[in-house]
Amino acid sequence: MKKVALTGAAGQLGRVLRKALLERGVDLRSAAGSKPLEPIVDGEDVMHGDLREATVVDRLLDGVDVLIHMAGTSVERPLPEIIENNLRALVEVYEGARRHGVRRIVFASSNHAIGMYPVQAKLELDCAFRPDGFYGLSKMWGEGLARLYWDKHGIETVCIRIGSCVEKPTEFRHLSTWLGFDDLMQLIDRSINVPDLGFEVVWGVSANTRSYWDNAGAERLGYRPTQNAEDYAAEVLAKTNPLDATAQQYQGGSFARFDFSRQDTTPHTR
Ligand code: 15L
């Protein structure tokens, strides 16, 4: 059986993944950042520590086949924090994967790597990056790092460009960006188990009628989403859209709106 490690286990998605993977009987090591994790099953393999430290990464990756890397800053923050958590720590993780012969990493990328596209655009997987802030920029960099370690060191990565992974859609943008938990688990399961993936990028999105993203090109992964945000449309459309007029024009929503200084707020066409 494969040994799987999960970073960011105390985070919003990490908590969902940790519980669901344990329930599925995965041989899991869960890692948190500064605070120790309370075991949720007897004898659970848990740890915590700062991933910028090689000794912590060594503990994380010892005997591991696949790493699910969810740790890092997950929202827009000042650049120094992003650099430490999403750039430096990621290099340490990939270097650790080299040292320990980890075969595959599942990297939590984000839709914010392309958040400055207009909501009318339907994006393929090979679209150009249009990050909507330093956070989105760090995810673009992370995808580049993953590509480098595949090409130079043969470490496989699946980059999942996660949309809005919440229990159910609660606002208008989610009708396009939602990733339901069942679909998240299917994506993770495929990412762990499909053989010979090499380097793969996939939109982490459910089968939403209004999706901005097209997963043609990621067929090797065999991801077949079963959830659709449209099932919640009536509920969502009865509410006021929380985004202002600028944010509503961009796929990244409020992240695109943040620190926006152009007078003309319409998305650039080139
Ligand atoms: C993300 O990348 C964030 O981590 C999450 O908090 C959400 O904002 C999500 O994107 C989203 O775009 O809804």
Side-chain angles (χ1 to χ4, degrees), residues 6-18 32-33 68-79 81-87 89-90 106-119 121-123 125 127 129-143 146 158-181 183-184 187-188 201-206 208 210-213 215 225 227-230 232-233 236 239 241-244 246-260 267:
L6 169 70
T7 65
Q12 201 201 316
L13 290 190
R15 287 197 300 270
V16 174
L17 288 175
R18 178 184 172 204
I68 304 169
H69 184 58
M70 305 298 292
T73 296
S74 62
V75 290
E76 190 60 15
R77 297 287 298 157
L79 185 59
E81 178 183 328
I82 302 259
I83 288 175
E84 291 305 310
N85 292 340
N86 294 12
L87 275 61
L90 196 66
V106 182
F107 171 59
S109 184
S110 169
N111 73 90
H112 296 291
I114 54 80
M116 294 311 288
Y117 276 99
V119 291
K122 181 92 178 183
L123 304 183
L125 281 163
C127 66
F129 289 107
R130 284 176 72 171
D132 58 24
F134 293 135
Y135 165 63
L137 195 59
S138 76
K139 294 300 182 181
M140 162 180 154
W141 190 87
E143 289 192 19
V158 182
C159 299
I160 306 179
R161 289 184 187 155
I162 302 173
S164 303
C165 193
V166 287
E167 197 168 359
K168 59 180 201 160
T170 55
E171 57 177 90
F172 184 75
R173 176 173 170 270
H174 292 170
L175 296 178
S176 303
T177 60
W178 187 53
L179 172 62
F181 289 163
D183 287 338
L184 168 71
L187 260 176
I188 295 292
V201 182
V202 61
W203 299 110
V205 69
S206 283
N208 305 329
R210 307 181 200 213
S211 177
Y212 302 143
W213 310 312
N215 260 329
Q227 297 177 282
N228 186 341
E230 211 59 23
Y232 301 87
V236 169
K239 295 185 196 164
N241 189 336
L243 300 182
D244 73 9
T246 302
Q248 283 184 34
Q249 299 177 80
Y250 292 91
Q251 297 195 359
S254 59
F255 286 58
R257 172 76 182 89
F258 178 77
D259 196 30
F260 191 107

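We count ligands from 1, going down the list as the structure has it; atoms in each ligand are counted the same way.
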_Option whose closest heavy atom lies nearest to atom 8 (O) of ligand 1, chosen from Tyr135, Trp178, Phe255_ = Phe255
_Cys165, Ala256, Gly163: member with heavy atom nearest to atom 9 (C) of ligand 1_ = Gly163
Is there a donor-acceptor contact under 3.5 Å from the side chain of [X] to the main chain of [Y]?
| X | Y | value |
| --- | --- | --- |
| Asn111 | Arg161 | no |
| Thr7 | Met70 | yes |
| Asp183 | Ser206 | no |
| Trp178 | Val166 | yes |
| Asn86 | Ser138 | no |

_So, 4.0 Å and heavy atoms of Thr177: is ligand 1 close enough to count as a contact?_
no
*Residue, atom name and distance, where the atom is the protein heavy atom closest to atom 1 (C) of ligand 1*: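 Heavy-atom neighbour on the protein nearest atom 1 (C) of ligand 1: His112 CD2, 3.5 Å.
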*Considering only protein heavy atoms, which is closest to atom 3 (C) of ligand 1, and at what distance to one decimal place?*
Ser74 O, 3.1 Å
*Can you measure from NZ (Lys139) to OG (Ser110) and round to the nearest 0.5 angstrom?*
6.5 Å
*Does atom 11 (C) of ligand 1 have a protein heavy-atom neighbour under 4.0 Å away?*
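So far as the 4.0 Å threshold goes, atom 11 (C) of ligand 1 is in reach of a protein heavy atom.
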*Would you say His174 and ligand 1 have an N/O pair spaced under 3.5 Å apart?*
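No; every N/O pair is 3.5 Å or more apart.
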*Does an N or O from Gln12, backbone or side chain, lie closer than 3.5 Å to an N or O of ligand 1?*
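Looking only at distances, the answer is no, because the N/O contact criterion of under 3.5 Å is not met.
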Using a 4.0 Å cut-off to any heavy atom of [X], which atoms of ligand 1 qualify?
| X | result |
| --- | --- |
| Asn111 | 10 (O), 11 (C), 12 (O) |
| Ser110 | 1 (C), 2 (O) |
| Ser164 | 11 (C), 12 (O), 13 (O) |

*Salt bridge between Glu171 and Lys239, side-chain N to carboxylate O under 4.0 Å?*
no
*Aromatic centroids of Tyr250 and Phe255 separated by under 6.0 Å*: no
